[in-house]
Amino acid sequence: MSLEESRKKLTQMPEMSLARAEALPHSLCPGCGIGTILNTFLRAMHELEEEGKLDSSKLVVISGIGCSGRISGFVKTDSMHTTHGRPVAFATGVKLARPELNVWAFGGDADLFQIGLNHTLQAARRNIDIKVVMVNNFNIAMTGGVPTVTTPPKAITKYTPRGWFERSFNIPKLMASAGATYVARWTTAHVFQLKQTFKKMALRKGFSFLEVVSQCPVLFGRYNKFRDPWSMVDYFMKMSRVVKGPQYLEEAAIEFGKPILVGEFVETEAPEYTETIYEAEGVVRK
Amino acid sequence: MSLEESRKKLTQMPEMSLARAEALPHSLCPGCGIGTILNTFLRAMHELEEEGKLDSSKLVVISGIGCSGRISGFVKTDSMHTTHGRPVAFATGVKLARPELNVWAFGGDADLFQIGLNHTLQAARRNIDIKVVMVNNFNIAMTGGVPTVTTPPKAITKYTPRGWFERSFNIPKLMASAGATYVARWTTAHVFQLKQTFKKMALRKGFSFLEVVSQCPVLFGRYNKFRDPWSMVDYFMKMSRVVKGPQYLEEAAIEFGKPILVGEFVETEAPEYTETIYEAEGVVRK
Amino acid sequence: MKPGKYFESGAWAAAMGALASGATFFSYYPIEPATDIAEEMVRYGPKNGLLVFEAEDEISALGAAIGASWAGAKAFTSTSGPGFSLMQEHVSYAAMTETPVVLINGMREGPSTGQATKAAQQDVMQTKWGGHGDYEVIVYAPYNTQEMFDLTVKAFNQAERWRVPAMVMADKMTILLMEEVVIPEKVEVVNRKRPKVPPEQFEPFKPEEDLVPPMPRFGDGYRVHVTGVTHNEKGVPVSDDPWVHHKLVKRLCDKIRKNRDKIVEYEVFGDEDPEVLIFAYGFPARSAKEAIKLARSKGMKAALFRPKTLWPFPDKELKEIATKAKKVIVVEWNYGQMLNEVLKVVPEEKVSFVYRIGEIPIPPESILEEGGVRI
Amino acid sequence: MKPGKYFESGAWAAAMGALASGATFFSYYPIEPATDIAEEMVRYGPKNGLLVFEAEDEISALGAAIGASWAGAKAFTSTSGPGFSLMQEHVSYAAMTETPVVLINGMREGPSTGQATKAAQQDVMQTKWGGHGDYEVIVYAPYNTQEMFDLTVKAFNQAERWRVPAMVMADKMTILLMEEVVIPEKVEVVNRKRPKVPPEQFEPFKPEEDLVPPMPRFGDGYRVHVTGVTHNEKGVPVSDDPWVHHKLVKRLCDKIRKNRDKIVEYEVFGDEDPEVLIFAYGFPARSAKEAIKLARSKGMKAALFRPKTLWPFPDKELKEIATKAKKVIVVEWNYGQMLNEVLKVVPEEKVSFVYRIGEIPIPPESILEEGGVRI
Amino acid sequence: MKVDVRITGIGGQGILTMAKILGSALVREGKYATLIQNFDTFISGGESTADMRVSDQPIEYPVFEKADITVFMAKKTYPRYINKVKEGGIVVINSDVIDEEPKGNFTVIKVPASSIARKLGNVRASNMVMLGALVAKLSLANPEVIKELIREKFKDKADLNIKAFEEGMKIGRGI
Amino acid sequence: MKVDVRITGIGGQGILTMAKILGSALVREGKYATLIQNFDTFISGGESTADMRVSDQPIEYPVFEKADITVFMAKKTYPRYINKVKEGGIVVINSDVIDEEPKGNFTVIKVPASSIARKLGNVRASNMVMLGALVAKLSLANPEVIKELIREKFKDKADLNIKAFEEGMKIGRGI
Amino acid sequence: MVKWRIEIIEDFCKGCEICVNICPITNLYKVGKVDKPVLRMSERFGYQGYPLVEVVDPTKCTGCHLCDHACPDLAIHVIKEE
Amino acid sequence: MVKWRIEIIEDFCKGCEICVNICPITNLYKVGKVDKPVLRMSERFGYQGYPLVEVVDPTKCTGCHLCDHACPDLAIHVIKEE
Ligand SMILES: Cc1ncc(C[n+]2csc(CCOP(=O)(O)OP(=O)(O)O)c2C)c(N)n1
Ligand SMILES: Cc1ncc(C[n+]2csc(CCOP(=O)(O)OP(=O)(O)O)c2C)c(N)n1
Ligand code: SF4
Ligand code: SF4
Ligand code: SF4
Ligand code: SF4
Ligand code: SF4
Ligand code: SF4
Ligand SMILES: [Mg+2]
Ligand SMILES: [Mg+2]
């Protein structure tokens with residue numbers, strides 16, 4: 001079968017209706033969790049469209065730069081592969097300029113919480129209706145496995161043969177403190193929950209944030225005694241503890257050998273920014 | 001009395017030993033709270049030096065750009081007036097390169113929580129021994145009174161004649177969530193507490209954060225029914241409620257007409273970054 | 001704003017120019033003197049259908065404007081020195097993604113914070129070379145309040161026409177100065193080309209003859225992928241074939257280089273065969289014009305060459321007139337920036353450089369005198 | 001590293017150069033291909049007394065390096081295209097505050113993300129014009145692994161000598177290429193001037209005859225105030241007198257302009273009175289050198305002019321030799337950047353431009369052929 | 001014809017308002033005017049000066065050092081600008097706040113602007129009194145157009161300001 | 001004298017290690033070598049190629065299209081580079097992983113590198129087997145120096161690798 | 001009765017083994033509860049040079065969709081057939 | 001007995017009235033508990049053009065140091081004298 005035929009075969013799978021075949025197969029490493037996130041996202045959006053709840057021509061998928069940032073290129077929607085750390089800034093412009101769009105921003109841990117932290121938190125504060133998905137693969141993968149703000153203490157990387165020595169962020173807690181009205185976390189082992197959460201986020205109004213704990217077998221797993229992709233997924237599965245509610249935020253930091261809290265930490269309501277700003281400024285729409 | 005004589009007179013006041021006379025009188029507006037912060041800081045450092053606990057030649061005062069950013073220019077220590085939003089980044093370099101220095105970073109609300117939010121939070125996460133002081137005057141004063149991330153909901157500014165429509169940050173909570181090991185807040189009405197807190201921060205090891213609620217009579221007070229500097233200080237005094245402990249973080253957001261929680265929200269310990277990094281990397285000091 | 005004659009500032013005129021061009025999105029992070037424009041936008045924007053967004057920094061201000069542009073808005077932002085430096089990565093991105101976006105820059109004294117309330121012309125080379133990679137932008141240098149209006153309109157039109165970032169580089173003096181400005185009855189407005197074929201047949205980065213591809217709007221079903229990575233005509237990233245890069249970047253630059261005759265604008269004031277030629281733009285050109293009048297009143301053949309577009313630079317045109325002149329005086333509020341472009345087409349021996357690094361007015365007589373012209 | 005001959009990469013050589021120069025602080029935010037240098041610093045830095053700091057972004061990477069420099073460190077950072085764009089505000093700050101700091105840049109294809117793993121020479125004009133305001137920096141363009149070492153050492157020395165940001169602009173190819181590199185027994189190391197008088201008598205921004213003021217270290221009792229605002233010789237900000245600005249900025253630039261003879265470096269390879277002159281730097285100069293050999297082997301008088309300092313630019317020197325030549329071929333991996341400087345001193349008619357926008361090797365024969373030289 | 005007018009005082013005194021009304025009036029009638037503002041950015045009570053060049057020809061170069069007519073609204077900038085009055089020029093001072101006695105080769109008009117404005121009901125209208133005096137002296141702008149503009153600008157508070165302007169005119173005309 | 005050597009395979013096969021050892025050995029003995037690496041940045045199992053130019057003169061231009069000697073370590077890059085072998089050149093293949101039968105105007109050396117290395121105790125040493133064969137064919141580098149370098153690089157794992165190298169040499173020499 | 005067809009797009013598969021490991025039947029097979037797994041790694045290599053997954057016994061498939069949701073390469077698809 | 005001297009650096013004072021308002025004696029004076037305040041605003045203007053504060057009755061001063069700590073312009077100093 002030629003590659004062209006394979007691509008065709010892919011798009012003929014109904015649930016893959018939103019896959020951008022010409023850019024596939026993608027160039028992520030074998031067993032990379034980002035692929036699973038892409039997969040479940042495509043399915044979620046497809047299902048919503050099937051259910052008549054979403055018009056995919058109004059979907060905009062924006063991403064930063066990094067392995068995770070590649071996602072936007074694999075989705076057959078209007079999409080924008082932006083600059084490192086800034087997907088949320090671009091997404092804000094898109095949403096504000098055309099509020100009827102359903103706007104997503106995907107990025108890596110470094111993208112959204114190291115170089116781009118500011119934009120992520122300001123969007124949460126504003127409660128703008130953008131759906132932010134952060135791929136936490138515990139490292140800056142694209143540039144060769146550099147530690148980052150989510151790298152667990154003592155983790156080994158090419159840069160820290162004796163173990164990582166900085167403290168890492170408790171991501172859900174930070175997001176909640178910035179004002180996010182929806183904060184969830186799952187891992188790549190939770191494929192159905194991922195799909196459901198994507199669906200929920202698509203339909204929700206206001207700022208929604210999802211952290212997906214994901215395996216980078218090549219640049220993170222390998223250095224930390226995970227011999228193959230599956231062993232990391234398996235670890236996620238075994239270590240996960242499903243919780244619900246803000247009372248779990250305090251313990252939500254991720255450390256090796258400790259439970260990984262997953263589930264919905266925050267789900268609340270506040271006025272949505274796009275609506276507020278049009279109203280408050282009194283923008284006369286022409 | 002000539003200006004030169006006045007300057008001389010100032011420096012002859014023992015408690016003003018660290019005032020940089022040649023840059024004074026400063027050009028802040030009459031009744032600006034930033035002056036009070038400068039004043040109490042100078043006194044605090046002087047007292048510590050008197051008490052033999054501090055060598056002011058090892059003090060480094062770094063600031064961003066803004067009215068608050070001017071502070072570094074009025075202090076007779078090694079000092080650095082940097083770029084807007086980045087005082088903490090510069091301070092990090094200073095501290096890392098010469099760990100024996102006592103390093104302070106002053107900035108405004110926009111400086112440290114709008115354009116520069118990322119650096120502020122990363123320093124808190126690392127627990128680097130930098131003492132960060134944020135002047136919360138509820139607006140971007142230096143550029144003419146633009147609303148910012150601490151502007152209370154509905155506040156009037158030149159830019160929002162119908163009231164500010166964004167949500168504002170709960171600063172102490174955000175800092176705590178980022179990992180700050182010391183988080184306090186006072187207002188310019190709390191002059192002795194300010195002085196004490198400065199002294200405490202100077203001697204503490206690890207990242208210390210102080211928010212000072214301050215009056216900008218000209219560009220904020222005026223638009224919000226505070227007819228003169230004092231009426232704002234008076235408001236701070238009357239609305240303040242002294243608390244202690246993290247259980248108050250949740251209610252620490254500032255809104256007009258609601259109590260302003262002041263005091264020490266967080267005081268805890270964690271390994272200090274400068275020490276950790278030298279140790280972990282095994283830097284051989286020559 | 002109603003057509004008519006006003007006594008207003010350059011900032012106001014630029015704001016009116018933006019609205020007359022159909023701007024619907026303005027993002028900014030405050031900085032002097034660009035805040036003067038923000039204030040006007042807050043005042044007049046919303047009732048004219050424009051949204052004002054205060055971003056968290058200049059990086060997001062331009063990022064949001066680019067996003068808004070793809071969502072169909074005519075978007076612009078406004079900044080000054082330090083903020084402009086921070087925007088460079090996104091200027092580069094806008095060029096690579098062929099995003100029409102306008103930037104109004106109020107130039108103040110640098111480097112760094114410098115003197116924030118004083119005018120200068122110290123960021124004009126930065127417009128062309130500030131970001132990484134080869135790209136071309138269109139840059140206007142208004143010299144009076146009327147041009148703040150006119151050239152802002154042109155910036156929007158040319159940004160839309162060629163799908164590039166277009167900039168209005170105004171020294172702070174020109175932003176603040178008040179004088180007569182006429183809002184015309186009718187303003188010519190150019191809009192970006194839209195796809196002429198349905199989504200299935202559309203290739204988003206396939207240029208037409210003018211080297212510019214039509215641009216779809218997000219949400220209209222074209223499902224376009226926009227990326228700062230080198231891409232083929234379908235918009236698919238190609239990171240291993242440098243020839244694809246070569247060709248793409250060449251086209252992006254050639255859009256402007258090959259069409260420069262349609263873009264370049266300048267004014268020649270005075271004699272067609274001048275003995276003395278003064279080269280000046282922006283506020284200093286006002287003094288230079290007086291200098292020309294002065295010289296001519298004394299019987300000297302003299303002319304002012306005033307580029308309205310700094311980029312593309314009117315090099316041919318300058319060369320032609322400069323060839324006739326014995327002396328070319330370059331006047332700038334910096335330590336030699338556009339001077340470099342002049343030196344590419346005028347022999348060094350002919351050129352004298354009269355400058356102040358920042359807002360020190362240079363009276364007409366001083367220009368002539370320091371330029372070595374006796375009248 | 002022990003003196004001797006090694007077979008190593010340019011990144012390794014640069015790292016060794018930094019350590020040989022006495023670097024004690026390295027900050028970075030990862031980006032290809034600058035991470036190659038970071039990896040070497042992690043490996044060799046700490047045991048040689050250097051601290052490695054991974055910053056949250058490029059803005060803080062350079063900010064921290066500047067801070068470290070004032071605290072007495074020899075500090076440097078390393079980046080590439082997008083990160084370099086983000087650093088521009090701080091390059092401008094470093095220039096204004098006269099902070100010695102070194103930046104090693106691995107040039108890849110732009111604009112924007114472009115092709116991140118491919119080499120280019122697309123950011124060389126950005127080094128001079130990327131930030132706002134007038135300033136001068138010193139920029140080296142190594143063309144082989146040995147120069148990665150040698151010119152990195154020079155960058156540190158000149159940064160210290162003149163108190164300016166100094167940069168090593170290496171195309172990614174030169175960063176990755178492995179070949180012989182010799183670590184010499186003895187490396188000449190220059191350190192910044194220290195105050196010669198006690199704090200009470202010291203004026204921190206008062207220049208000595210060479211236009212450079214001595215630089216105290218934080219914590220040594222000099223209580224210096226460093227600011228990006230225009231300041232007088234005492235370091236007190238002055239924001240209302242533009243003449244203070246004019247003079248300060250003029251001095252900052254003149255430090256380099258007036259001392260350019262002490263800084264400029266270049267290589268002439270081949271005939272002293274060439275008929276054909278090739279201008280090239282960085283990786284493409286390797287091919288150009290072969291082209292010269294080829295031409296000369298056919299009896300043609302030919303030479304390569306290779307600037308080692310891009311800024312200050314060896315304009316006089318180039319002009320002198322170019323005057324003799326009938327033809328000047330400029331070779332670059334971009335769409336015409338240093339070409340602009342060449343055109344300022346060489347008549348356009350003589351110049352042909354042979355280029356690829358990015359990592360497409362140009363074989364020696366192609367240079368001659370495309371440059372219009374028959375051999 | 002070319003007249004250089006300087007209005008100087010401190011922030012909050014409505015100097016820009018005066019200058020803008022004057023400029024607008026001139027422009028409405030086909031004359032030309034340029035206005036350069038100088039002020040300290042953020043300090044309340046900081047200096048504020050408006051330099052207007054007025055002409056019946058388009059104006060290229062708007063910068064001048066010495067003014068033909070200088071209006072002093074506050075004590076603060078008095079010392080600096082009193083030395084920049086042209087020989088034979090005109091000085092208009094708010095005599096309520098400036099107790100100095102200007103000396104030099106120029107005409108001095110003293111306008112008790114603050115007290116007039118206070119009498120009319122609002123001391124803040126003293127800038128309009130000064131404008132009246134200035135317009136009378138300048139005799140280039142049509143007072144009726146100025147009044148029109150005051151009406152546009154102040155809307156329901158226009159009457160008081162027009163009155164203030166007229167009082168100023170009287171003094172300027174030497175009535 | 002100038003020889004162009006290409007080693008090609010996939011990431012993780014130790015291609016850079018081979019090339020670096022070879023280059024270092026040559027340089028130690030006063031010869032010259034340049035090495036251009038080509039690889040996909042982050043994909044494991046991605047392509048990896050080392051282009052080495054070797055000479056007894058300093059090398060300016062290190063780029064070449066066709067190689068004198070090409071070493072194939074994996075199937076993946078075989079099709080691309082088999083067309084870039086010079087007329088009369090040499091092809092060295094790891095015959096354990098490449099089942100193709102190279103055809104063209106060149107000499108082919110088949111080295112069952114994987115099985116040899118496996119026999120010696122670690123399949124990962126197959127790059128050293130290949131290096132041995134290459135060094136034998138190239139006959140420019142001193143095998144003793146190479147062994148020295150292997151010892152420096154692999155320290156306590158050196159023996160196995162030296163053995164592998166020697167086995168490769170044998171095949172290369174046609175023994 | 002519901003039957004499940006499993007389609008593998010071989011050019012896409014990178015042989016990561018996630019589908020095999022996540023499939024509940026694999027576990028049953030490993031502990032000897034069933035005689036054959038649904039999926040296992042083949043000896044073949046695909047277009048991209050990686051080992052390929054293959055379907056052994058589709059009748060055991062419960063249609064739980066874990067494999068096709070988890071596949072990072074969109075290479076495996078479980079399709080309902082009546 | 002402790003006495004307090006109050007020094008005002010007039011060139012520095014910007015007349016913001018904070019010291020006057022923060023002084024506890026001012027309040028006592030306002031409610032008629034004392035006959036004179038320690039501080040009040042004068043009719044004079046200072047170097048910078050602002051009204052100046054002045055000392056009325058230093059003997060009432062308790063040395064609480066609120067005024068001199070709060071002064072934004074470092075213009076007022078309360079000095080202990082024996
Ligand atoms: C301004 C800038 N700095 C640095 C880079 C280099 N870079 C590319 S991706 C990346 C980070 C990727 O990390 P993360 O966001 O965690 O994504 P991952 O690759 O781990 O999925 C970096 C630093 C860049 N492209 N732009
Ligand atoms: C990069 C950059 N952007 C914008 C500015 C303009 N600017 C100067 S100060 C300032 C903000 C000041 O606000 P804040 O930090 O709250 O301090 P304040 O003046 O309120 O004390 C801004 C936006 C700048 N100097 N640099
Ligand atoms: S490097 Fe890591 S994150 Fe990137 S594609 Fe490979 S496995 Fe995924
Ligand atoms: S503008 Fe506000 S913050 Fe700035 S000096 Fe004046 S009062 Fe203080
Ligand atoms: S089908 Fe998918 S999950 Fe299964 S091995 Fe192939 S790539 Fe991995
Ligand atoms: S659908 Fe479930 S049972 Fe069937 S093959 Fe996939 S994982 Fe196994
Ligand atoms: S002394 Fe200080 S507090 Fe008192 S009025 Fe003067 S400036 Fe204000
Ligand atoms: S020290 Fe206390 S009592 Fe004395 S004047 Fe100051 S505020 Fe009043
Ligand atoms: Mg990551
Ligand atoms: Mg503020």
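Everything numeric here is computed off the predicted structure, so don't read it as measured data. Quick note on labels: first sequence line is chain A, next is B, and so on, each numbered from 1. Because only heavy atoms are used, hydrogens play no part in the values below, and waters and symmetry mates are left out as well, while side chains stay in.
- Using modelled atom types and a 3.5 Å distance limit, the side chains of C/Asp171 and C/Thr174 yield a donor-acceptor pair.
- The closest donor-acceptor contact from the side chain of C/Asn105 to the backbone of C/Met169 lies at 3.5 Å or more, if one exists at all.
- For chain C, the nearby part of B/His84 is the side chain; its heavy atoms alone come within less than 4.5 Å.
- Between chain C and the residues B/Gly85, B/Pro147, B/Ala110, the largest count of heavy-atom pairs under 4.5 Å involves B/Pro147.
- Within the 4.5 Å cutoff, the side chain of C/Trp311 has heavy atoms near those of the C/Met125 side chain.
- A donor and an acceptor atom, one from each side chain of C/Ser92 and C/Glu89, are nowhere located under 3.5 Å apart.
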Intermediate values then yes/no, salt bridge (charged side-chain N to carboxylate O under 4.0 Å, His left out), C/Glu39 and B/Lys158 | CA-CA 8 Å; C/Glu39 276 186 43; B/Lys158 211 198 285 184; 3.3 Å; yes
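- Contacts between C/Pro82 and chain B at a heavy-atom distance below 4.5 Å are absent for every atom of the residue.
- Interface residue C/Thr113: only side-chain heavy atoms are found under 4.5 Å from chain B.
- With a threshold of 4.5 angstrom between heavy atoms, C/Ala55 approaches chain B through N, CA, C or O but not through any side-chain atom.
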